[in-house]
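Single-structure report; data block below.
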Amino acid sequence: MKYWRKPLDFDELTIPHGIVHIIVDRCKGCGFCVEYCPKGVLEMSEEFNAKGYHPPKVVKEGECVNCNLCEMICPEFAIFSADASDNGSGTHSK
Amino acid sequence: MSKVAEQIPTEEMEHPVAPYLRMDRIPHIWCPTCGIGTVVRCYADALEHSKIDLDKVAIVSGIGCTGRVAGYMRLDAFHTTHGRAIPFATGLKLGRPELLVTVFSGDGDLVGIGGNHFIHAARRNLDILVILVNNFIYGMTGGQNAPTTPTTARTSTMPFGNFERPFNLPHLAESCGATYVARWTSLHIRRLTKSFREAISRKGFRFVEVIAPCATLYARLNKLGTGFNLMRFYHDNAVIDHGADTRDLDISFQDRIICGKFVDKERPTYSEMMHEHYRNALGDKFVPLPEEGGMIRDTGEKPDSKGKKPAKSQKRKASASKSSRK
């Protein structure tokens, strides 16, 4: 990433990494997470889930910064991000 | 033909919102691209961050799409008749003053059929949090004209366009005496969550209006695409103006939506005024409700010498005979 101004505590900062979990069969294919992911991690898949909707899929593995925006905006409670550092066991940094 | 998407197995596929929802009822009935699920997620997040005891939270909703929230959240909940969410919440708050009572309902329920209750709860400054999800239409019953439908918008009962003037809800709430008034759309998830947290920490009649897309009826009847297009519309047309004069907050059809926190003030609540008044009027004879809530006075029976409480059936009989004597 290119910075127009380097933060003073640049060396101490670490960019968080997250793992996106998608509960495929709960998705109704609204596409909110794909549209509003700030990193463009997600994309609509060509495949169908059990209800016949197209769920999202992760296309940029490792780009997720664990911002939880997909988790908050999903009306179906079908997607969430977890901190990658603790093997994604459900806890997430806020 | 396309393949079927595979569920990638991960250890613990439990969504972080799961402790706040009755997961046996999920997936919910709301349409694809409906915004109510987002509002529920934001409310659950606000509860989580307020570090509030979930046994002390009660949620009341009326009838309608948003009325289903009471059934989906794992809180003490009540799903009342159409428009009567606020009367029930009033009784709940008076009987159990220690609870955080949240009324979670739609525009047709709270300001259409229950409009009078809304006005009077705000006038009394009852200590409840009202979350109104406004989708501009009666969604569940088939797209009838609602008191919030913007002028010229089509509904199933106004096929040539609505000619009525809609409610300006923040202005209505403020002029009736609400102490906290905010409006957001379901796109403003961070600000909405922050607003819920603020409202939970305040006292008095707190009112948060959330504009949410209705894909199946409002968007379809007005040829606006899906809820996804409405979310894009909110992105382009929502203006954040904190502290704006609530008289200017009318929403016209497909026009800008002014969001923000408009009112945040303090006023004595209904219970505070009641306690103060009775303390002045009755002096020592006035026995206020205990802090932890409960019944105003017991049924007159003394507990057994062993300290056992009387059986429920006896209690009921006692209260029934008492009421019949009156």
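Proteins get letters first, then strands, A, B, ... in listed order; numbering begins at 1 in each. As the structure is a computational prediction, the values presented were derived from the model and not from experiment.
- Atom CG of A:L13 has more than 12 heavy atoms from other residues, nucleotides or ligands within 6.0 Å.
- Atom CZ of B:R190 is surrounded by more than 12 heavy atoms from other residues, nucleotides or ligands within 6.0 Å.
- Residues of residues 20-35 of chain B that come closer than 4.5 Å to chain A, counting heavy atoms only, are B:L21, B:M23, B:I26, B:P27, B:H28, B:I29, B:W30, B:C31, B:P32, B:T33, B:C34, ordered by residue number.
- The side-chain contact (heavy atoms from CB on, under 4.5 Å) search around B:P150 returns B:F136, B:A153, B:Y218, B:F253, not counting sequence neighbours.
- At a 4.5 Å heavy-atom cutoff, the contact between A:K51 and chain B is made by side-chain atoms alone.
- By the 6.0 Å contact criterion, NE2 on B:H242 is enclosed, its count of non-hydrogen atoms from other residues, nucleotides or ligands being greater than 12.
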As a quick check of understanding, evaluate side chain to side chain contact (heavy atoms under 4.5 Å, CB included) for B:V40 and A:F77, giving each step before the final call. CA-CA 10 Å; B:V40 173; A:F77 319 113; 4.0 Å; yes
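- With B:H15 contributing its side chain and A:F80 its backbone, the two residues share no donor-acceptor pair below 3.5 Å.
- We find the CG-CG distance between B:D45 and A:N68 to be 8.0 Å, quoted to the nearest 0.5 Å.
- Atom OG1 of B:T38 sits about 12.0 Å away from atom CD of A:E71, to the nearest 0.5 Å.
- For A:L69, the parts lying under 4.5 angstrom from a heavy atom of chain B are both the backbone and the side chain.
- The contact between B:T193 and chain A is made entirely by side chain atoms (from C-beta outward), counting heavy-atom distances below 4.5 Å.
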